[in-house]
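This is a predicted model, so every value here is computed, not measured.
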Amino acid sequence: PYGFLLYGPVGAGKSCFINSVQRALLGRNVILALESSTSGVTFTVSIKTHKLKKREGGHYPFVFRDVMGLEPDKSKQCEGEYKERQSAGIQTEDIIKVLEGHILDDYKFNPQAPITEDDPKYKQCPEPCDKIHCLVSIVPADAISRIDQNVIEKMNAVRKKASELNIPQIIVLTKVDLACKIVSRDLKKLYYSRKIREKMKDSSKKLEISMQCVYPVKNYHEEITEDSDIDVIILMALRDIIYFASDHVDRVCEEK
């Protein structure tokens, strides 16, 4: 199956996006990935692979891989002054190892140190299905300007490694309803909103990803019943993630 890796700041809505995709595909409420109701607190602490169900039974030929959120490194006080920086959140080295297919499911991330090759959850020789075929940056539209620069630097370090591996990358811009009152009232006006377009440009510039690869979405959050407006923009993003992953696999096969 194609592998899609979701990464981004803590509280950006990674697990919520996975649930929203599954919900749009099944047409009913679902809890596939556990979510935190507290913004700014990481809920995912280990790598989880999520298979998505079909309405008629079975699973789709792609999986989402969810990892711990990125956090800014914390300053450590030394003799009255803040001089040292302590790692927080997931290590960028671990995300890169996930890209390459080296980290097995359920590995619990250590914010202080990346995985070692002698760890039982480290796979020395990953298969093509273990690797990532599209990197998905999850960015909250309502908090782009407040994302710590250290987190942006970490995201760009991962993105640059993905580029070296020729892995396609997109941005899923979540929480658009919180970023624009007009969109909050009427989701159909999403692509007519100047504010949302500004948020798209800002995220594109910060992460150096083309505007045509930025997808503004609203995840299911409070809604209990189906909403076709939410489904449409969620499935538009999913469609292109699948297209880009398919193109990547075709290129790899051609090279071999």
Side-chain angles (χ1 to χ4, degrees), residues 4-21 31-50 64-76 82 84-99 103 105-115 132 135-162 169-179 199-200 202-204 206-209 214-222 234 237:
F4 311 142
L5 174 61
L6 275 60
Y7 84 124
V10 168
K14 297 182 293 297
S15 299
C16 192
F17 178 71
I18 294 172
N19 287 333
S20 296
V21 170
I31 300 176
L32 183 63
L34 295 179
E35 304 173 31
S36 172
S37 61
T38 306
S39 179
V41 178
T42 184
F43 194 79
T44 305
V45 295
S46 59
I47 181 171
K48 294 287 183 183
T49 298
H50 298 284
F64 281 111
R65 293 202 170 97
D66 193 14
V67 297
M68 190 179 191
L70 286 162
E71 297 181 42
D73 293 338
K74 298 175 181 177
S75 297
K76 181 181 178 182
Y82 289 99
E84 296 184 12
R85 299 280 285 182
Q86 285 187 322
S87 296
I90 189 173
Q91 295 269 335
T92 53
E93 292 91 337
D94 281 339
I95 301 179
I96 290 170
K97 292 299 182 184
V98 174
L99 284 176
I103 300 183
D105 231 28
D106 296 322
Y107 169 73
K108 189 173 181 179
F109 296 107
N110 178 2
Q112 301 304 317
I115 192 171
I132 296 302
L135 177 64
V136 182
S137 304
I138 305 293
V139 179
D142 65 324
I144 294 174
S145 60
R146 300 194 301 273
I147 298 177
D148 192 282
Q149 183 58 32
N150 183 234
V151 170
I152 296 296
E153 290 169 0
K154 290 179 179 182
M155 294 183 72
N156 277 323
V158 173
R159 188 196 60 75
K160 288 176 182 176
K161 182 61 180 180
Q169 306 139 46
I170 74 159
I171 295 172
V172 169
L173 198 63
T174 60
K175 305 184 181 182
V176 293
D177 54 317
L178 299 181
K199 300 294 185 182
M200 291 172 66
D202 197 8
S203 62
S204 171
K206 285 180 182 290
L207 296 180
E208 300 175 16
I209 292 176
V214 180
Y215 296 82
V217 304
K218 180 188 184 306
N219 288 331
Y220 277 102
H221 179 57
E222 299 176 342
I234 289 285

- Task: Please report the shortest heavy-atom distance between Ala237 and Val217, naming the atom on each side.
- Result: CB-CG1, 4.4 Å
- Note on the structure: Taken in chain and number order and not counting sequence neighbours, the residues that satisfy salt bridge (charged side-chain N to carboxylate O under 4.0 Å, His left out) with Lys48 are Asp106
- The reported gap from CG in Asn110 to CD1 in Ile90 (rounded to nearest 0.5 angstrom) is 11.0 Å
- Task: For the pair Thr92 (side chain) and Val158 (backbone), establish whether a donor and an acceptor sit closer than 3.5 Å, ignoring hydrogens and angles.
- Result: no
- Task: Identify the two heavy atoms, one from Val98 and one from Ile132, that lie closest to each other, and give their separation to 0.1 Å.
- Result: O-CG1, 3.5 Å
- Note on the structure: Here the gap from Ile147 atom CD1 to Gln149 atom CD, rounded to the nearest 0.5 Å, amounts to 10.0 Å
- Over all heavy atoms of both residues, which pair between Tyr220 and Cys16 is shortest? Give the atoms and the distance, please. O-SG, 3.1 Å
- Note on the structure: By salt bridge (charged side-chain N to carboxylate O under 4.0 Å, His left out), Glu208 pairs with (sequence neighbours left out) Arg159
- Message: The criterion is salt bridge (charged side-chain N to carboxylate O under 4.0 Å, His left out); which residues satisfy it with Lys199, sequence neighbours excluded?
- Response: none
- Any chance you could measure His50, atom NE2, to Leu6, atom CG, to the nearest 0.5 Å? 9.0 Å
- Message: What's the separation between atom CG in Leu70 and atom NZ in Lys154, rounded to the nearest 0.5 Å?
- Response: 6.0 Å
- Message: Would you say that Asp177 contacts His221 through its side chain, given a criterion of any heavy-atom pair below 4.5 Å between the two side chains?
- Response: no
- Query: Hey, is the main chain of Asp73 close enough, under 3.5 Å, to the side chain of Asn150 for a donor-acceptor pair?
  - Reply: yes
- Query: For the atom pair CZ (Phe109) and CD1 (Ile115), what is the distance rounded to the nearest 0.5 Å?
  - Reply: 8.0 Å
- Query: Which residues pass the side chain to side chain contact (heavy atoms under 4.5 Å, CB included) test with Asn19, sequence neighbours left out?
  - Reply: Leu32, Ala33, Glu35
- Item | Chi angles and distances behind the side-chain contact (heavy atoms from CB on, under 4.5 Å) call for Gln169, Leu207 | CA-CA 10 Å; Gln169 306 139 46; Leu207 296 180; over 6 Å; no
- If you look at every heavy atom in Gly89 and Met68, which pair is closest and at what distance? C-SD, 4.0 Å
- CD1 on Ile96 to CG on Leu135, rounded to 0.5 Å: 10.5 Å
- Write down the atom of Leu5, the atom of Arg65, and the distance for their closest heavy-atom approach. CD1-O, 3.4 Å
- Partners meeting side chain to side chain contact (heavy atoms under 4.5 Å, CB included) with Lys206 (sequence neighbours left out): Ile144, Ile152, Asp202
- Set of ring-ring contact (aromatic ring centres under 6.0 Å, His included) partners for Phe64, sequence neighbours left out: Phe4
- Message: With side chain to side chain donor-acceptor pair (under 3.5 Å) as the criterion, how do Thr174 and Asn219 come out once you've worked through the C-alpha distance, each side chain's angles and the decisive distance to 0.1 Å?
- Response: CA-CA 7 Å; Thr174 60; Asn219 288 331; 5.1 Å; no
- Which atom pair, heavy atoms only, marks the closest approach of Ser204 to Val214? CB-CG2, 4.1 Å
